[in-house]
**Q** 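Could you have a look at this structure, given as structure tokens, before my questions?
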Amino acid sequence: GATLEEVYSAASSITGEDYRKQYSHLNGGMQRMNLGNRIRKAVNAKNEEKAGSGDKALKPIAVAIAKRVAADAKAKAAEDKAKAAAKKAA
């Protein structure tokens, strides 16, 4: 999956905003989830703007990005949970 920095970069290029300060206090999974939501919202808004011209090419891309970000967030959350359990057991 994409690194957290790659997700931040994608969100920044799609939305034109930098969310690092806003989400830095969250764990990696929550950051990915929030960035994925921002990406999906921006892509959907662009799709709505282009809907009048019949161009819906971005919709599958938005869905693919959202699914990938969600999967990455879930994997990262599981990884964080396993690390916390190992640390607690040690």
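What you are looking at is a predicted structure, and each value in this text was computed from that prediction instead of being measured.
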**Q** Can you name the closest pair of heavy atoms from G29 and A73 and give their distance?
**A** O-CB, 3.5 Å
**Q** Out of curiosity, I14 CD1 to S9 OG, how far, rounded to the nearest 0.5 Å?
**A** 9.5 Å
**Q** Going from OH on Y23 to CZ on R32, what distance comes out if it is rounded to the nearest 0.5 angstrom?
**A** 14.5 Å
**Q** Measuring from atom CE of M33 to atom CD of Q31, what distance do you get when rounded to the nearest 0.5 angstrom?
**A** 11.0 Å
**Q** Do you know which two heavy atoms are closest between V69 and G36, and how far apart they sit?
**A** CG1-CA, 3.5 Å
**Q** Calculate, to the nearest 0.5 Å, the distance between atoms OH and CD1 belonging to Y19 and I39 respectively.
**A** 9.0 Å
**Q** Sequence neighbours excluded, which residues qualify as salt bridge (charged side-chain N to carboxylate O under 4.0 Å, His left out) partners of E6?
**A** none
**Q** Which atoms form the tightest heavy-atom contact between G28 and L4, and what is the distance?
**A** O-CD1, 4.1 Å
**Q** Return the set of residues passing salt bridge (charged side-chain N to carboxylate O under 4.0 Å, His left out) with E5 (not counting sequence neighbours), or none when no residue passes.
**A** R20
**Q** Quick one: CG on L35 to CD on Q22, what's the gap to the nearest 0.5 Å?
**A** 9.0 Å
**Q** Can you list, pair by pair, the side-chain donor-acceptor contacts under 3.5 Å of residues 79-90, counting residues two or more places apart and other chains?
**A**
| unit_1 | atom_1 | unit_2 | atom_2 | d |
| --- | --- | --- | --- | --- |
| E79 | OE2 | K83 | NZ | 3.2 |
| D80 | OD1 | K76 | NZ | 3.3 |

